[in-house]
Amino acid sequence: MSARKAIIPAAGFGTRFLPATKAMPKEMIPVIDKPLIQYTAEEAAASGISEIAVITSRGKAALEDHFDRSPELEEFLQAKGKTGLLEEVRKLSTLANFTFIRQPEMLGLGHAILMGEKFAAGEPVAVLTPDDIYDCPVPCTRQLIDVFLEKKATVIVLGRVDKEGTKKYGIVKVKRQLSDRLFEIADTAEKPGPERAFSDLGILGRYVFTPEIFGAIKRTPVDSRGEIQITDAIKVLLADQPVYGYLFEGKRYDCGNKLGFLEGTIALALKHPEFSSELRDLINQMLS
Ligand code: UTP
């Protein structure tokens, strides 16, 4: 069975963007003219996902509004003849069928995903964290779904990380390499640091899970901060079934931190047809 459902966990506090995120969800911070979560939903839709559950929390109503119809705004844009913008606004509610599920307490990414168990209803499910923008020739989640269809097993996205990255991401131990990009995973460790890292292959926020992930999350012990980490749940899953890692093709911008956010914004703006050459001139002027 292919993955037609996706979970987007978006319940976190977004502390790295305070004070911007005090009253506004981090996922609504715009990169050029679209909020972060729109890039995520568009990637999911372009990957063949038709049902999306967004995991939210208090103060995140803007996420629901963003993907809902807005008849007054649409009427206004229609009356003003702003057909391009009207299309953009209408497109949002048709990207997929959206469901919004509350995570009552911030108990970690694994716990946030567990909130989507009923939504998944025994089907495979993709998970996309909205912190990352992927700019890939084939949408990143599609790359994973294609491996999932071949292997009929959980697939997680991998990227090469430096020493600092071993402190920020889950790291995998490879059982065997099956091709340039495909690995069978032996073990995982959450943010092990350079001394304890199994490899330089980090888990970067895109997953396609078999339905057994939910049972694995429930059997996963909480970490020292009282949270359930999805990296630890993958380790639990590995005891029962194979898990594959795929070194994705393309570029990823980690927009969950300020520098990565700036990098992503500039990189995408430099490719934006409306103002890429003007922006290039402006940057050159600033640097000269
Ligand atoms: P992060 O670790 O980036 O946390 O979570 P955060 O709260 O968004 O941001 P910082 O670190 O405080 O700045 C990765 C993803 O998992 C979601 C977040 O919303 C984010 O999309 N998440 C995390 C949840 O939905 N629930 C949680 O309990 C934890």
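Any value given below was found using the heavy atoms of this structure, including those in side chains, with hydrogens, waters and symmetry copies removed.
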Practice problem: Decide, yes or no, whether a salt bridge links K167 with D162 under the criterion of side-chain N to carboxylate O below 4.0 Å. | Solution: no
Quiz item: Can you check whether V138's main-chain N or O pairs, donor with acceptor, with Q143's side chain at less than 3.5 Å?
Solution: yes
Quiz item: Is there any ring-ring contact (aromatic ring centres under 6.0 Å, His included) pair reaching into residues 134-156, and which pairs are they, with sequence neighbours excluded?
Solution: Y134-F248
Quiz item: E227 and Q229: side-chain donor and acceptor closer than 3.5 Å?
Solution: yes
Quiz prompt | Listed once per pair and sorted, the ring-ring contact (aromatic ring centres under 6.0 Å, His included) pairs that draw on residues 58-77, sequence neighbours left out | solution = F67-F98
Quiz prompt | Criterion side chain to side chain contact (heavy atoms under 4.5 Å, CB included) on R4 and I49, from CA distance to verdict | solution = CA-CA 4 Å; R4 57 180 196 97; I49 298 291; 5.6 Å; no
Quiz prompt | Within residues 183-222 or reaching into it, pairs that qualify as ring-ring contact (aromatic ring centres under 6.0 Å, His included) - sequence neighbours excluded | solution = Y207-F209
Quiz item: Is E43 paired with R206 through a side-chain N to carboxylate O contact shorter than 4.0 Å?
Solution: yes
Quiz item: Would a distance-only check, ignoring hydrogens and angles, find a side-chain to backbone donor-acceptor pair under 3.5 Å from Y244 to L144?
Solution: no
Exercise. Step by step, work out the side chain to side chain contact (heavy atoms under 4.5 Å, CB included) result for I101 and T56.
Key: CA-CA 6 Å; I101 302 168; T56 67; over 6 Å; no
Exercise. Under the side chain to side chain contact (heavy atoms under 4.5 Å, CB included) rule, collect the residues that match up with A62, sequence neighbours excluded.
Key: P25, M28
Practice problem: Using ring-ring contact (aromatic ring centres under 6.0 Å, His included) as the criterion, list what pairs up with F119, not counting sequence neighbours. | Solution: none
Quiz item: salt bridge (Lys or Arg N to Asp or Glu O under 4.0 Å): which pairs involve residues 53-66, sequence neighbours left out?
Solution: E27-K60
Quiz item: Any sub-3.5 Å donor-acceptor pair from K5's side-chain atoms to V125's backbone N or O?
Solution: no
